[in-house]
Each structure stands twice: as C-alpha cells, then as structure tokens.
Amino acid sequence: MIRGSWASSPFFSYEVCRGAIAFIWFYHGLIPKLLYPHEDELAMGMAAGFSPAGALQLATIGGVLEITMSAVVLIFWRQRWPIVVTLIAMIGLLAFVALMQPMLLGAAFNPVSTNVAVAALAIVSLHLLSVVESGNHED
C-alpha cells in the first residue's frame, strides 16, 4: 500500500467499519423483519410465548428498532456509545437466539457468524476512533 494514501488512513478504516455496522443494522431490520418477515424471526417470537400475530408484531418492532439503531450509528458518527450499544446488543441477541431457538446456531447463515462479525467490527471501530482522536497515526 502506498504510504500516506487515503486508503491506509485509520479514519478511512473507521468509516468502513462504522458504515458496515450501520448497513447491517438497517438490512436486518428491513429485509427479514419488515419487508419479508422470515420464518426464523417469527419462530423466535413464538418460542418466547407469542402467538403468530404477536410474533409478527414483535418482528415489526424489532425491525423498526434495528433501522433506528442504524440511523443512530450514523447520526452519532464520532461517539462511542452507539458502538458500545451495538457490541452489547450482539452478545445479548446471540444469547437470546441460543436460548429460544438453538437450532438456528447450526444453520448455513446464522446468528453466530453475523453477531460475532458485527461485534468484531464494533471493537475495531472503538479502537480506530481512539487512534483517530489521539492523532497517533500516519496519514
């Protein structure tokens, strides 16, 4: 990589991580919850004791909250708390799936890989934000 290139900048890496986190929150709120409620999303709600209609309502609420979280990650671009909330949410949501629908943990595209990847992006984002704020980097 060329030294001093914009692509080697910690801020660029921070932008990529933060943007990916926002995209994932948005996508997972919109597609499998709001536009095309996925059977796995509904099964988790029903496993928690909701009726099919209640599980759909729960998925809708979850979708709205996830899209809101996406916006929060973008609006509060230079603040840590949305990323800390993301990190905690990934751990909590993975635990919820493990308790409610453990068979989903073995699926081809599953919450383990998604939540661990988002948690890793959150950790890297927090580190890169510290680097950018400290000015201890070469651009």
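Since the structure is predicted, the reported quantities are computational estimates derived from the model, not experimental observations.
- Here side-chain hydrogen bond (donor to acceptor under 3.5 Å, both in side chains) pairs that include residues 49-63, with residues two or more places apart or in two chains, number zero.
- Taking every heavy atom of both residues into account, I21 and S125 meet most closely at CD1-OG, 3.8 Å.
- Transitive grouping of hydrophobic side chains (ILVMFWY, heavy atoms separated by less than 4.5 Å) keeps L58 and L34 in distinct clusters.
- At least one side-chain heavy atom of M46 sits less than 4.5 Å from a side-chain heavy atom of L42.
- Contact between Y14 and L128 at its shortest, heavy atoms only, is N-CD1, 3.5 Å.
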Which pairs of donor and acceptor atoms, one on a side chain in residues 89-117, lie under 3.5 Å apart (sequence neighbours left out)?
from : atom 1 : to   : atom 2 : distance (Å)
Q101 : NE2    : A43  : O      : 3.3
N110 : OD1    : V112 : N      : 2.8
N110 : OD1    : S113 : N      : 3.1
N110 : ND2    : A107 : O      : 2.8
S113 : OG     : N110 : O      : 3.1
T114 : OG1    : N110 : O      : 3.3
N115 : ND2    : M90  : O      : 3.0

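- For the ring-ring contact (aromatic ring centres under 6.0 Å, His included) test, no residue two or more places apart in sequence or in another chain qualifies with F50.
- Under the 4.5 Å side-chain heavy-atom criterion for Ile, Leu, Val, Met, Phe, Trp and Tyr, L87 and V73 are members of distinct hydrophobic clusters.
- Annotation: side-chain hydrogen bond (donor to acceptor under 3.5 Å, both in side chains) contacts involving residues 38-50, sequence neighbours excluded, comprise K33-E41.
- At a threshold of 4.5 Å between non-hydrogen side-chain atoms, the residues V85 and V72 do not count as touching.
- Taking hydrophobic clusters as Ile, Leu, Val, Met, Phe, Trp and Tyr residues chained together by side-chain heavy-atom distances below 4.5 Å, W81 does not share a cluster with L129.
- At a threshold of 4.5 Å between non-hydrogen side-chain atoms, the residues L121 and I24 count as touching.
- Residue Y27 is grouped with residue I83 when hydrophobic side chains (ILVMFWY) are merged at heavy-atom distances under 4.5 angstrom, including chains of intermediate members.
- Listed here is the closest heavy atom pair of V124 and C17: CG1-SG, 3.7 Å.
- Hydrophobic clustering, with ILVMFWY side chains joined whenever heavy atoms are under 4.5 angstrom apart, keeps F26 apart from V16.
- Residues forming a side chain to side chain contact (heavy atoms under 4.5 Å, CB included) with L35 (at least two apart in sequence, or on another chain): L30, I31.
- Applying the side chain to side chain contact (heavy atoms under 4.5 Å, CB included) criterion to L74, with sequence neighbours excluded, gives A22, W77.
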> Is there a side chain to side chain donor-acceptor pair (under 3.5 Å) between S130 and R80 once you walk through the steps?
Replying inline: CA-CA 9 Å; S130 295; R80 286 178 174 71; 3.1 Å; yes
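- Between W25 and the options L65, I67, T68, T86, a side chain to side chain contact (heavy atoms under 4.5 Å, CB included) holds for only T86.
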